[in-house]
*Asks:* 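The structure that follows is given in the form of structure tokens.
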Amino acid sequence: MDKRKKGSAKDLRLMVVGSSGPSQFQLTNAILGREEFSKDVTSTSSSMKMVGELSGRRVTVVNGPNIYDKDISHAKRKMELRRSKCLCMPGPHAFLVAFDMEKISLNDMKTVTLLKKRFGKNCFQHCMVLLAYEGNLDGAALENRVRKTDWYLRELIEGYSGRFHVFNKNWRDRSQERSLLQKIDLMVASLGGRYYSSKTFQKAEDSVKKEERRLRKKRAGEIEKTWNNMEKHYVAEELCSQKDTYIANVGAEIQTKAELDNSWLRTSLARGLGTGLVVGAVVGALFGYIEGPGGMVLYGIIGGAVGGSAGGTAQVAIKHMENRVAPPARLNFNSIFINRFFTAPRSLQCD
């Protein structure tokens, strides 16, 4: 059952999706007011999370692969869909569905159906169409074109209850950011100020929280040691301040790791590898068919062995994934803290 939950009135979580081309990445740039993606980026194979401000409001923007991207496998797409939910947990306040105003395709007209399939049947209530345009065009004229002139644009937004906004591909143009924020706030307010959630978003949140607990338990000794070192160097309010800063940064680092790698994602990857093993054997057998029954057996074994080898290698990758997934450098606070404060002795004044 799909659910909507009460969210913060201050921070917004935005899931940016697109059907094809660079529009969703241009939208991310426009929201954040900085170039996270170059103009040449038309797709991505990995989900990403960025934090910034939209008209003074703190926003978290999550991008996943294009929903019609044919350059990634079904298993990879499924895992990245899960990852995008982990990055946007406990759920987005809005799905912003980006299109190029001049390049609407038949697939684009069906996007709402695919979104319901991937995010839940009620997600469209949190969806807004974002139409990218280029040049110095009049915003009112553009909106009039969408509502009255171009039937295909009107038909497109009708699938999203008429909610839309036009934005300039030039992210440096900040003239419409307040209008966009107001439209998002109005949509969220009409839903009782709630963010979107569903069974899979709840699964994502549970998996991330479970992974966070595991990582905290694993680092308990390290944290205790760091605290003991702090107590030798600081007193009273300064000690409390340093501990708070340390715990906040360790928590952010742990959350980042848990969002990128947890049991739910590892299960998805393992299933994809299992499918790959079967497909490898089947493809090998098909090639062997040319050589007759003996060839089918031989090539089937070869195909299965190749798939099994890849699977074994990837299982090792799964086992050690935690060590490979590094959080942003700015979150790697622990080593910076220890190097800065504990390498050389400091003179302290005590009351």
*Asks:* Test: salt bridge (Lys or Arg N to Asp or Glu O under 4.0 Å). Region: residues 92-105. Which pairs qualify, not counting sequence neighbours?
*Replies:*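 As it turns out, the salt bridge (Lys or Arg N to Asp or Glu O under 4.0 Å) pairs with a partner in residues 92-105, which skip direct neighbours, are Asp100-Lys169, Glu102-Arg145.
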*Asks:* Could you tell me if the side chain of Leu96 sits less than 4.5 Å from the side chain of Ile184, heavy atoms only?
*Replies:*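 Yes. Closest side-chain heavy atoms under 4.5 Å.
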*Asks:* Does atom NZ of Lys203 have more than 12 heavy-atom neighbours from other groups under 6.0 Å away?
*Replies:*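 No, NZ of Lys203 has 12 or fewer neighbouring heavy atoms, counting only those of other groups under 6.0 Å.
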*Asks:* Which atom pair, heavy atoms only, marks the closest approach of Ser45 to Lys76?
*Replies:* O-CE, 2.9 Å
*Asks:* Check whether any side-chain heavy atom of Phe167 sits under 4.5 Å from a side-chain heavy atom of Asp173, and report yes or no.
*Replies:* no
*Asks:* Nearest 0.5 Å, what's the NZ-CG distance between Lys117 and Leu115?
*Replies:*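 With rounding to 0.5 Å, NZ (Lys117) is 12.0 Å from CG (Leu115).
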*Asks:* Can you tell me if Arg178 has over 12 outside heavy atoms packed within less than 6.0 Å of its CZ?
*Replies:* no
*Asks:* Measure across Met50 and Leu32 and return the closest heavy-atom pair with its distance rounded to 0.1 Å.
*Replies:*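 Residues Met50 and Leu32, closest heavy atoms: CB-CD1, 3.7 Å.
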*Asks:* Is a side-chain N or O of Ser43 found less than 3.5 angstrom from the main chain of Asn66, in a donor-acceptor match?
*Replies:*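 No.
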*Asks:* Evaluate the salt bridge (Lys or Arg N to Asp or Glu O under 4.0 Å) criterion for residues Glu211 and Arg214: first the C-alpha distance (whole Å), next the side-chain angles of each, then the deciding distance (0.1 Å), finally the verdict.
*Replies:* CA-CA 5 Å; Glu211 184 69 13; Arg214 188 187 73 81; 2.8 Å; yes
*Asks:* Partners of Phe25 by ring-ring contact (aromatic ring centres under 6.0 Å, His included), sequence neighbours excluded?
*Replies:*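 With sequence neighbours excluded, Phe25 shows a ring-ring contact (aromatic ring centres under 6.0 Å, His included) to Phe37, given in chain and number order.
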*Asks:* Decide yes or no on side chain to side chain contact (heavy atoms under 4.5 Å, CB included) for Glu80 and Ile72, but give the supporting numbers first.
*Replies:* CA-CA 10 Å; Glu80 290 305 325; Ile72 61 175; 5.6 Å; no
*Asks:* With a 4.5 Å limit on heavy-atom distance, are the side chains of Ile247 and Trp227 in contact?
*Replies:* yes
*Asks:* Is Met15 reachable from Trp264 through a run of hydrophobic residues whose side-chain heavy atoms are each under 4.5 Å from the next?
*Replies:*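 Different clusters: Trp264 never reaches Met15 through Ile, Leu, Val, Met, Phe, Trp or Tyr contacts under 4.5 Å.
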*Asks:* For side chain to side chain contact (heavy atoms under 4.5 Å, CB included), just list the numbers for Ser105 and Phe99, CA-CA rounded to whole Å, side-chain angles, deciding distance to a tenth of an Å, and then say yes or no.
*Replies:* CA-CA 9 Å; Ser105 68; Phe99 305 98; over 6 Å; no
*Asks:* Atom CG in Leu186, atom CG in Leu181: separation rounded to 0.5 Å?
*Replies:*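 If we round to the nearest 0.5 Å, Leu186:CG and Leu181:CG are 11.0 Å apart.
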*Asks:* For Arg163 versus Cys127, what's the shortest heavy-atom pair and its separation?
*Replies:* NE-O, 2.8 Å
*Asks:* Please find the pair of heavy atoms, one from Arg57 and one from Asp11, that lie closest to each other, and give the distance.
*Replies:*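 Looking at all heavy atoms of both residues, the closest pair is CD-N, 4.5 Å.
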*Asks:* Would you say the side-chain atoms of Gln24 pair up with the backbone N or O of Gly64, donor to acceptor, closer than 3.5 Å?
*Replies:*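 Checking the backbone N and O of Gly64 against the side chain of Gln24, a donor-acceptor pair under 3.5 Å is found.
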*Asks:* Are Ser38 and Asp40 linked by a side-chain donor-acceptor pair shorter than 3.5 Å?
*Replies:* no
*Asks:* Is it true that Glu238 and Gln242 share a donor-acceptor pair across their side chains at a distance under 3.5 Å?
*Replies:*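 Checked: Gln242/Glu238 side chains show no N/O donor-acceptor pair below 3.5 Å.
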*Asks:* Looking only at heavy atoms, what is the nearest atom pair of Ser197 and Gln202, with distance?
*Replies:* OG-CG, 3.6 Å
*Asks:* Check for me, please, whether Met101 and Trp151 land in the same ILVMFWY cluster - side-chain distances under 4.5 Å, paths through other members count.
*Replies:*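 They do share one cluster, since a chain of ILVMFWY contacts under 4.5 Å joins Met101 to Trp151.
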*Asks:* Just by modelled atom types, is the Thr113 backbone N or O under 3.5 Å from a matching donor or acceptor in the Arg118 side chain?
*Replies:* no
*Asks:* Would you say the side chain of Cys88 lies within less than 4.5 Å of the side chain of Lys49, judging by non-hydrogen atoms?
*Replies:*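 The answer is no, as the side chains (C-beta and beyond) never meet within the 4.5 Å cut-off.
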*Asks:* Rounded to the nearest 0.5 Å, what separates atom CD in Gln255 from atom CG in Leu87?
*Replies:* 9.5 Å
*Asks:* Determine whether Leu130 and Leu180 make a side-chain contact, defined as any pair of heavy atoms from C-beta on separated by less than 4.5 Å.
*Replies:* yes
*Asks:* May I ask you to check whether over 12 heavy atoms, not counting those of Arg58, lie within 6.0 Å of atom CZ?
*Replies:*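 No, because the 6.0 Å sphere around CZ of Arg58 holds 12 heavy atoms or fewer from other groups.
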*Asks:* Can Met109 be reached from Val17 by stepping across I, L, V, M, F, W or Y side chains whose heavy atoms are under 4.5 Å apart?
*Replies:* yes
*Asks:* Is there a side-chain contact between Leu12 and Asp185 (heavy atoms, below 4.5 Å)?
*Replies:* yes
*Asks:* Begin from the C-alpha positions of Ile31 and Val16 and carry the test side chain to side chain contact (heavy atoms under 4.5 Å, CB included) through to its verdict.
*Replies:* CA-CA 10 Å; Ile31 292 171; Val16 175; 4.1 Å; yes
*Asks:* So, the side chain of Asn249 versus the backbone of Thr245: is there a donor-acceptor pair under 3.5 Å, distance only?
*Replies:* yes
*Asks:* Between the side chains of Gln176 and Asn168, does any donor sit under 3.5 Å from an acceptor?
*Replies:*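 Short answer, no.
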*Asks:* Once rounded to the nearest 0.5 Å, what's the spacing between atom NZ of Lys217 and atom CG of Leu215?
*Replies:* 12.0 Å
*Asks:* Do the side chains of Phe124 and Ile104 join up, straight or via other hydrophobic residues, at under 4.5 Å, putting them in one cluster?
*Replies:*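 Hydrophobic grouping puts Phe124 with Ile104.
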*Asks:* Which pair of non-hydrogen atoms, one from Tyr160 and one from Val129, has the smallest distance, and what is that distance?
*Replies:* CD1-CG2, 3.2 Å
*Asks:* Are Leu260 and Met89 in one and the same hydrophobic cluster, where Ile, Leu, Val, Met, Phe, Trp and Tyr link if side-chain heavy atoms are under 4.5 Å apart?
*Replies:*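 The answer is no; the residues belong to distinct hydrophobic clusters.
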*Asks:* Under 4.5 Å between any side-chain heavy atoms of Glu36 and Met48, yes or no?
*Replies:*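 No, side chains not in contact.
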*Asks:* Is there a donor-acceptor pair under 3.5 Å between the side chain of Asp138 and the backbone N or O of Ala141?
*Replies:* yes
*Asks:* For Leu131 and Leu142, run side chain to side chain contact (heavy atoms under 4.5 Å, CB included): C-alpha distance rounded to whole Å, both residues' side-chain angles, the deciding distance at 0.1 Å, then the answer.
*Replies:* CA-CA 10 Å; Leu131 297 167; Leu142 287 170; over 6 Å; no
*Asks:* Is there a salt bridge (Lys or Arg N to Asp or Glu O under 4.0 Å) between Lys183 and Glu143? Walk through the geometry before answering.
*Replies:* CA-CA 13 Å; Lys183 288 182 179 180; Glu143 293 210 2; 2.9 Å; yes
*Asks:* Is Glu231 salt-bridged to Lys243, cutoff N-O under 4.0 Å?
*Replies:* yes
*Asks:* Answer yes or no: are there more than 12 heavy-atom neighbours, outside Asn136 itself, under 6.0 Å from its atom CG?
*Replies:* no
*Asks:* Using a 4.5 Å cut-off on heavy atoms from C-beta on, say whether the side chain of Ser190 contacts that of Gln125.
*Replies:*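 Result no, sub-4.5 Å side-chain heavy-atom pair not found.
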*Asks:* With distance as the sole test, does Glu177 use its side chain to make a donor-acceptor pair with the main-chain N or O of Leu54 at under 3.5 Å?
*Replies:* no
*Asks:* Does any N or O in the side chain of Asn29 come within less than 3.5 Å of the main-chain N or O of Glu35, such that one atom is a donor and the other an acceptor?
*Replies:*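 Answer holds: no.
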*Asks:* Check the orientation of Phe95 and Phe119. Use parallel for under 30°, tilted for 30 to 60°, and perpendicular for over 60°.
*Replies:*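 Rings of Phe95 and Phe119: tilted, 30 to 60°.
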